[in-house]
Amino acid sequence: MSIKAAPSILSGDFSKMGEEAARMQSAGADMIHCDVMDGVFVPNLTFGPKMVADIKKCVSIPMDVHLMITEPERYIGHFIKSGANYLSFHVEATTKAKEILLAIRYAGVKTGIAICPETPLGSIYDLLGDCDFVVVMGVHPGFSGQKYIPDTTERIKTLKREIIARGLNVEIEMDGGANESNIDEIIAAGSDINVSGSCAFNSPNPEKIIKKFQGLC
Ligand code: DX5
Ligand code: ZN
């Protein structure tokens, strides 16, 4: 399976989201990562399903929607309708994780659980059988451009071992703090999808960053 690069539109210019997504697609991105924040689960606000649907009209690659909202069960249907191809929510944000995973999968959308840096990995082990991917946070969710939390690499390795030991087909998505200096270590640890916010959008050469995040250079 090839390693995917997922630029996060959170670091794009919000006055021209469609163009920003198209720019990343032209640079070789595999999917567009959309960070949805509610100002409650995280101390920041971004956008809702209409933005996802409108960005989707400007690209042909999959939309990877990362919900950082409380009680995501309230909005899952809206984001499925908006055209999300990958849809993840936080294990810390709901008591209904299993039902949500099943509902997303039933809709034919890739279903993912996201986990914050301080949450024990064991809290998602019972859910792995119902996931297509796990979003391992490399920063405290809320903002792009934060520093990578070094323990994340070990968490990716541990999770990868668990997935392999159980013979599961679950991808690991690393989100937050990845850059040109640590991406090789993140890929070597077992990350299959690499999110890049500030690194891809602020670079004069996003093609190069995306290749690096795909493990190709
Ligand atoms: C953080 C978001 C990330 C963020 C990544 O809450 O979930 O997707 O945009 O940005 P960088 O790569 O700059 O850390
Ligand atoms: Zn994200």
Side-chain angles (χ1 to χ4, degrees), residues 3-14 17 20-21 23-24 27 29-49 51-52 55 62-70 72 75 79 82 84-93 110-119 131-153 155-156 171-187 191-206 208-214:
I3 296 169
K4 303 181 191 85
S8 166
I9 201 80
L10 180 61
S11 292
D13 180 338
F14 272 37
M17 292 296 231
E20 289 286 73
R23 182 163 75 88
M24 289 300 137
D30 296 285
M31 54 178 88
I32 299 295
H33 186 84
C34 298
D35 287 308
V36 175
M37 304 185 186
D38 67 354
V40 179
F41 182 69
V42 289
N44 196 4
L45 289 159
T46 55
F47 50 78
M51 182 65 90
V52 173
I55 295 172
M63 300 299 284
D64 169 31
V65 178
H66 174 198
L67 300 181
M68 285 158 276
I69 64 176
T70 46
Y75 284 99
F79 283 98
S82 77
N85 302 96
Y86 287 70
L87 184 54
S88 60
F89 60 93
H90 274 264
V91 65
E92 303 86 0
K110 296 251 191 206
T111 185
I113 193 97
I115 181 163
C116 288
E118 268 86 37
T119 305
C131 287
D132 296 306
F133 66 110
V134 174
V135 182
V136 178
M137 295 306 299
V139 298
H140 296 113
F143 300 90
S144 58
Q146 301 183 72
K147 205 171 162 309
Y148 182 72
I149 298 173
D151 288 356
T152 311
T153 306
R155 281 162 68 81
I156 297 169
E171 290 183 294
I172 298 179
E173 174 167 6
M174 209 301 295
D175 185 14
N179 56 44
E180 283 186 273
S181 319
N182 60 19
I183 190 64
D184 290 345
E185 147 189 336
I186 290 165
I187 290 173
S191 179
D192 305 288
I193 304 170
N194 297 309
V195 176
S196 170
S198 43
C199 196
F201 278 92
N202 297 346
S203 169
N205 189 352
K208 181 170 151 244
I209 302 296
I210 286 170
K211 276 219 163 62
K212 216 157 169 24
F213 276 59
Q214 291 166 330

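The chain is numbered in sequence order, starting from 1. Order of listing sets the numbers, starting from 1, for every ligand and every atom in it. Atoms considered below: every heavy atom in the structure, side chains included; atoms not considered: hydrogens, waters and symmetry mates.
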Engineer: Report yes or no: does a heavy atom of Y148 sit under 4.0 Å from some atom of ligand 1?
Structural biologist: no
Engineer: Within the structure, does H140 bring an N/O atom to less than 3.5 angstrom of an N/O atom in ligand 1?
Structural biologist: no
Engineer: With a 3.5 Å distance limit and no angle check, can you tell me whether D64 reaches the backbone of D30 through a side-chain donor-acceptor pair?
Structural biologist: no
Engineer: Which of the atoms of ligand 1 are close to M68, meaning less than 4.0 Å from one of its heavy atoms?
Structural biologist: 6 (O), 7 (O)
Engineer: At their closest point, which heavy atom of I183 faces which heavy atom of A178, and how far apart are they?
Structural biologist: CD1-CB, 4.4 Å
Engineer: Of S198, S196, G197, which has the heavy atom at the shortest distance from atom 13 (O) of ligand 1?
Structural biologist: S198
Engineer: Any atoms of ligand 1 less than 4.0 Å from a non-hydrogen atom of G176? List them with their elements.
Structural biologist: 14 (O)
Engineer: Under a 4.0 angstrom heavy-atom cut-off, which atoms of ligand 1 come close to F143?
Structural biologist: 1 (C), 6 (O)
Engineer: Within a distance under 4.0 Å of any heavy atom of P141, pick out the atoms of ligand 1 and give their elements.
Structural biologist: 6 (O)
Engineer: State the atoms of ligand 1, each with its element, that fall below the 4.0 Å cut-off from a heavy-atom position in G145.
Structural biologist: 11 (P), 13 (O), 14 (O)
Engineer: Quickly, which of F79, F41, F89, Y75 forms a side chain to side chain contact (heavy atoms under 4.5 Å, CB included) with V36? Name it, please.
Structural biologist: F79
Engineer: May I ask you to decide whether E171 forms a salt bridge with K110, counting only side-chain N to carboxylate O separations under 4.0 Å?
Structural biologist: no
Engineer: Compute whether any side-chain donor of one residue and acceptor of the other, for D35 and T46, lie under 3.5 angstrom apart.
Structural biologist: no
Engineer: Between S144 and ligand 1, is there a nitrogen or oxygen pair with a distance under 3.5 Å?
Structural biologist: no
Engineer: What about G142: any of its N or O atoms under 3.5 Å from an N or O on ligand 1?
Structural biologist: yes
Engineer: Compute the shortest N/O to N/O distance between S11 and ligand 1 and return yes if it is under 3.5 Å, no if not.
Structural biologist: no
Engineer: Between S11 and N202, is any side-chain donor less than 3.5 angstrom from a side-chain acceptor?
Structural biologist: no
Engineer: Determine the minimum heavy-atom distance between D175 and H33, stating which atoms define it.
Structural biologist: OD2-NE2, 3.2 Å
Engineer: Roughly how far apart are M137 CE and E118 CD, rounded to 0.5 Å?
Structural biologist: 11.5 Å
Engineer: Considering only heavy atoms of H66, which atoms of ligand 1 have at least one such atom less than 4.0 Å away?
Structural biologist: 7 (O)
Engineer: So, does M37 sit close enough to ligand 1 that a heavy atom of it is under 4.0 Å from the ligand?
Structural biologist: yes
Engineer: Any nitrogen or oxygen of V195, main chain or side chain, under 3.5 Å from a nitrogen or oxygen of ligand 1?
Structural biologist: no
Engineer: Test E180 against every option in K208, K212, K211 by the salt bridge (charged side-chain N to carboxylate O under 4.0 Å, His left out) rule and name the one that passes.
Structural biologist: K208
Engineer: Taking 4.0 Å as the limit for heavy-atom contacts, which would you say applies to S8 with ligand 1: side chain only, backbone only, both, or neither?
Structural biologist: side chain
Engineer: Quick check on contacts: which atoms of ligand 1 are under 4.0 angstrom from a heavy atom of H33?
Structural biologist: 8 (O)
Engineer: Near M137, which atoms of ligand 1 are under 4.0 Å from a heavy atom of that residue?
Structural biologist: 7 (O)
Engineer: Is G177 close to ligand 1, meaning an N/O of one under 3.5 Å from an N/O of the other?
Structural biologist: yes
